[in-house]
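Residue numbering restarts at 1 for every chain, and letters A, B, ... go by the order of the sequence lines.
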Protein chains: 2
Amino acid sequence: MRNKKPTIYDIAEEVGFSTATVSRVLSNSSYPVKEQTRNKILETARKLNYEPNIIGRMLKKNESMDIGVVIPTISNPFYPQIVLGIEQEARSRGYNILLCNSFRDIITEQKYIETLYRKQVKGIIISSIGENRKYLETLKKQGIVIVTIDQEIEGFKCSKVVFDYVKGGEIATDYLIRQGHTNIAFLTSPLTRKSRRDVFEGYKLSLLKNNIFLNENNIIVSNKEEECENATYEFKNGRWLARKFLERNTGATAIFVINDMTAFGVIQELTESGIKVPDEISVVGFDNIEISSMLNPPLTTVNQPAYETGKLACQLLFESFERNEDINKTVILEPSLVIRKSVTILN
Amino acid sequence: MRNKKPTIYDIAEEVGFSTATVSRVLSNSSYPVKEQTRNKILETARKLNYEPNIIGRMLKKNESMDIGVVIPTISNPFYPQIVLGIEQEARSRGYNILLCNSFRDIITEQKYIETLYRKQVKGIIISSIGENRKYLETLKKQGIVIVTIDQEIEGFKCSKVVFDYVKGGEIATDYLIRQGHTNIAFLTSPLTRKSRRDVFEGYKLSLLKNNIFLNENNIIVSNKEEECENATYEFKNGRWLARKFLERNTGATAIFVINDMTAFGVIQELTESGIKVPDEISVVGFDNIEISSMLNPPLTTVNQPAYETGKLACQLLFESFERNEDINKTVILEPSLVIRKSVTILN
DNA sequence: ACATATGTAGCAAACGGTTGCTATATATAT
DNA sequence: ATATATATAGCAACCGTTTGCTACATATGT
């Protein structure tokens, strides 16, 4: 029933040459082999449906052609784009990616890193919860290249693709102010992550710069600890935040929401409460995930180039591979505002 | 700079036992080893930061703990859910997944399958374009388990998770008719895939059953060949279809769209043309991707359980592994209608 | 006391491919 | 004719683990 997969030994026997020669032909080595011999080997390989066993090759060369990708969850649409960027870049170099959803759970993340290590990946691209620094340091010492995306790991030296969250928060708020809004609410999930604190920082910076007094009542932070970065969860969180917002009744004319997914929830809650976006309240999000343009109204938001992030991270990885050293380079991605239709101009 | 990773030899030398014993301890073999010896080995392993080299193990045992997942593109939100289902199931058994985006391109798909084969994956879960049957048959003969999802491969025997698309098309149309709609348009991307033809079949079946004459003008098929199953592309396609629909002016009061992503485009185009959904025109989609509930209005759609699909596919895979034979089982997933707010009751 | 089971450990051969080294034949240079 | 370079091929060790087989010591049964 089950054929054994052919090996170079089978081919060697069939053609009457040694496995050394067969290997050299089949691995495109630069080692010279007589044209006639080469042809005979190639032909036989084709005939037997031979495909090299990468495991054998890996063992000998002591490196895999896989790179590990650790993200919170593929279910949040921000991450698939990153993964796509990584994958495209990796594939063009013959590498594959091992996908790991950590759900930002320390244990899960740690287990995955361990597995990747055992699987001899050459590198890991990770959006980490940050608690596994020690472990990652061990890997790094053993020659595995680490690149962080989305989240930095405090006190850990490695290549990283970072995003200027502060500036992102700033330009979004600046924009609202330019449209005449002065009473601007800030709705966010818990500020447990630096990226969120940075966005908040940008918001405050903008207010300060524009001499607008920060009304503490306008800051609404969801209290529940987020279980995982799951699209539905964030959406519901948005609805919760919007309800709180309505209760507070601060007279804000605009809302800046920590991310698009949450903003969708905010908008839906407002809409269902009979409040029109943007006519009565303006909303701006953060991330610019693909569907933000498909919403009704299309969401004005801060663009965080996910695909680019993945692509760059992967490029940094390969740069390290090629130079055969840790380059510890930091690439900073700049935010930009995508103006759509969820913000109105105040007269 | 770069430490060499410790191997069982290092440990064997350190503790003064043979690699055989070390291996037995470190791989949790049932082979009896003296408690004292075991402890000494475990301790040393910990001290040296030892992690087994999976490549070596794989080579010896001749099997990897990876399974390949081939999907059109992770950027279409339907697929991440499938992938998540697969991953969760795989992880619980200690397996990892190698992610491959084929973009439904024959060559890309074929290359990926080849790579997976070389990487000695134990199984492949694939939503295939179907042209690589021959190649997959070779793999199957060599003991690699194949499970298809989403799309069947004509004439290829293997386990599959299929979805009753015909019924899906039927219940959606039934529902519209029950709400009083009799003039129902059907908007779709090219009917190159069986799943789409099936949905169309269901639509026609429902009309027939309800004695409603099928108006050819109500069938709108986008002509452009789809470049890839990309979210933005499908969205734009929806806008194009809606424009065509408006031109045709058949007086339809409801639109059945081939998938949610496309439906978003339809809704946006209608909205921007000043037509209110669902007040003036009802829309029902297909897929029930996560964001469908977040749209404005929330989309009434046919639920295709993506996460379940992935999970079941993975279970079928493991069933084959365990029984060590091809089980060629077919699991049929039933559609259900998710009623939200994009359909109005006609008086 | 002897035979038999059991506990504990090592030897060495795999797994499939790569590659440094050696060997021969042929070509080129002197 | 001799020395040197090049083309072509094989031998065998190696990558890190696993495991069938062997070996000895101890325990158990009679």
- [ ] Between A:Glu35 and B:Ile55, name the one whose nearest nucleotide on DNA chain D is closer to the 5' end.
- [x] A:Glu35
Open item on the list: Between P on D:dT17 and CE on B:Met65, what's the gap in Å once rounded to a whole number?
Closed with: 16 Å
TODO: Compare the minimum distances between each of D:dT17, D:dG10, C:dA12 and the side chain of B:Ala20, then state the nucleotide with the smallest one.
DONE: C:dA12
Task: Distance, rounded to the nearest Å, where B:Ile11 contributes CD1 and C:dA9 contributes P - done: 16 Å
Open item on the list: Looking only at the side chain of A:Ser23 (C-beta and beyond, no hydrogens), which of the listed nucleotides D:dG20, D:dA7, C:dT18 gets closest?
Closed with: C:dT18
- [ ] Please identify each residue that fulfils ring-ring contact (aromatic ring centres under 6.0 Å, His included) with B:Phe321, with sequence neighbours left out.
- [x] B:Tyr95, B:Phe318
Task: Atom pair distance, as rounded to whole Å: CE in A:Met58 and P in D:dT17 - done: 15 Å
- [ ] Answer yes when B:Lys47 and B:Glu43 have at least one side-chain N-carboxylate O distance shorter than 4.0 Å, and no when they do not.
- [x] no
Task: Residue B:Val33, side-chain heavy atoms: nucleotide from C:dT18, C:dA9, C:dG10 that is nearest - done: C:dA9
Task: NZ or CZ of A:Arg133 within 45° of A:Phe156 ring axis and under 6.0 Å - done: no
Task: Check ion pair A:Lys194-A:Glu152 (N to O, under 4.0 angstrom) - done: no
Task: Separation of D:dC15 C1' from A:Ile54 CD1 (nearest whole Å) - done: 16 Å
Task: Residue mapping more 5' on DNA chain D - nearest nucleotide basis, B:Ile8 or A:Lys34 - done: A:Lys34
Open item on the list: With each end axis built from five pairs of C1' atoms, what bend angle do you get for the helix from C:dA1-D:dT30 to C:dT30-D:dA1? Round to 10°.
Closed with: 40°
TODO: Measure from the side chain of A:Pro32, starting at C-beta and using heavy atoms only, and say which of D:dT8, C:dA9, C:dT18 lies closest.
DONE: D:dT8
Task: B:Lys5 vs B:Asn53, side chain to side chain donor-acceptor pair (under 3.5 Å): CA-CA, chis, key distance, verdict - done: CA-CA 9 Å; B:Lys5 299 182 193 175; B:Asn53 181 329; over 6 Å; no
TODO: Can you see which heavy atom on A:Lys160 is nearest to which on A:Leu316, and at what distance?
DONE: O-CD1, 3.8 Å
TODO: Quickly work out the B:Leu59 CG to C:dA14 C1' distance and round it to whole Å.
DONE: 9 Å
Task: A:Asp10 CG to C:dG16 P, straight-line distance once rounded to whole Å - done: 9 Å
Task: Phosphate OP1/OP2 of D:dT17: any B:Tyr50 side-chain N/O under 4.0 Å - done: yes
Task: A:Lys61, nearest nucleotide to its side chain (from C:dT18, C:dG17, C:dC15) - done: C:dT18
Open item on the list: Less than 4.0 angstrom from a charged side-chain N to a carboxylate O is my criterion; do A:Glu89 and A:Arg93 meet it?
Closed with: yes
Open item on the list: Could you report the tightest heavy-atom contact between A:Ile327 and A:Ser159, atom names first, then the distance?
Closed with: CG1-OG, 3.5 Å
- [ ] Just compare D:dT18, C:dT8, C:dT18 and give me whichever is closest to any side-chain atom of B:Tyr31.
- [x] C:dT8
Open item on the list: From the set D:dG16, C:dG16, C:dA9, return the single nucleotide nearest to any side-chain atom of B:Lys60.
Closed with: D:dG16
Open item on the list: At 4.0 Å (heavy atoms only), tell me whether A:Ser29 reaches a base, stays on the sugar-phosphate, or touches nothing.
Closed with: nothing
TODO: Name the closest nucleotide to the A:Thr21 side chain, picking from D:dA9, D:dC15, D:dC21.
DONE: D:dA9
TODO: Look at all strands and tell whether A:Asn62 reaches a base, only sugar-phosphate, or nothing, counting heavy atoms closer than 4.0 Å.
DONE: nothing
Open item on the list: Strictly below 4.0 Å, N to O, side chains only: are A:Asp326 and A:Lys157 in salt-bridge contact?
Closed with: no
TODO: Take A:Ser27 and B:Thr19, find for each the nucleotide of DNA chain C with the closest heavy atom, and name the residue whose nucleotide sits nearer the 5' end.
DONE: B:Thr19
TODO: Establish, with yes or no, whether the OP1 or OP2 oxygen of D:dT18 is under 4.0 angstrom from a side-chain nitrogen or oxygen of B:Arg57.
DONE: yes
TODO: Could you list by number each residue of residues 36-45 of chain A showing a heavy-atom separation from DNA chain D of less than 4.0 Å, or answer none if no residue does?
DONE: A:Thr37
Open item on the list: For B:Arg104, is there an ion pair with B:Asp150 - N to carboxylate O distance below 4.0 angstrom?
Closed with: yes
Open item on the list: What is the separation between atom CG on A:Leu26 and atom C1' on C:dT18, rounded to the nearest whole Å?
Closed with: 12 Å
Open item on the list: Counting distance alone, no hydrogens or angles: does the base of C:dG20 have a donor or acceptor under 3.5 Å from a partner atom on the side chain of A:Arg24?
Closed with: yes
Open item on the list: Nearest whole Å is fine: how far is C:dT18 C1' from A:Asn53 CG?
Closed with: 13 Å
Task: B:Ile41 to B:Thr21 - nearest heavy-atom pair and separation - done: CD1-CG2, 3.9 Å
Open item on the list: Quick check on C:dA9: is either OP1 or OP2 less than 4.0 Å from any side-chain nitrogen or oxygen of B:Ser18?
Closed with: no
Task: Residue A:Phe17, side-chain atoms from C-beta onward, closest of D:dA9, C:dG17, C:dT18 - done: D:dA9
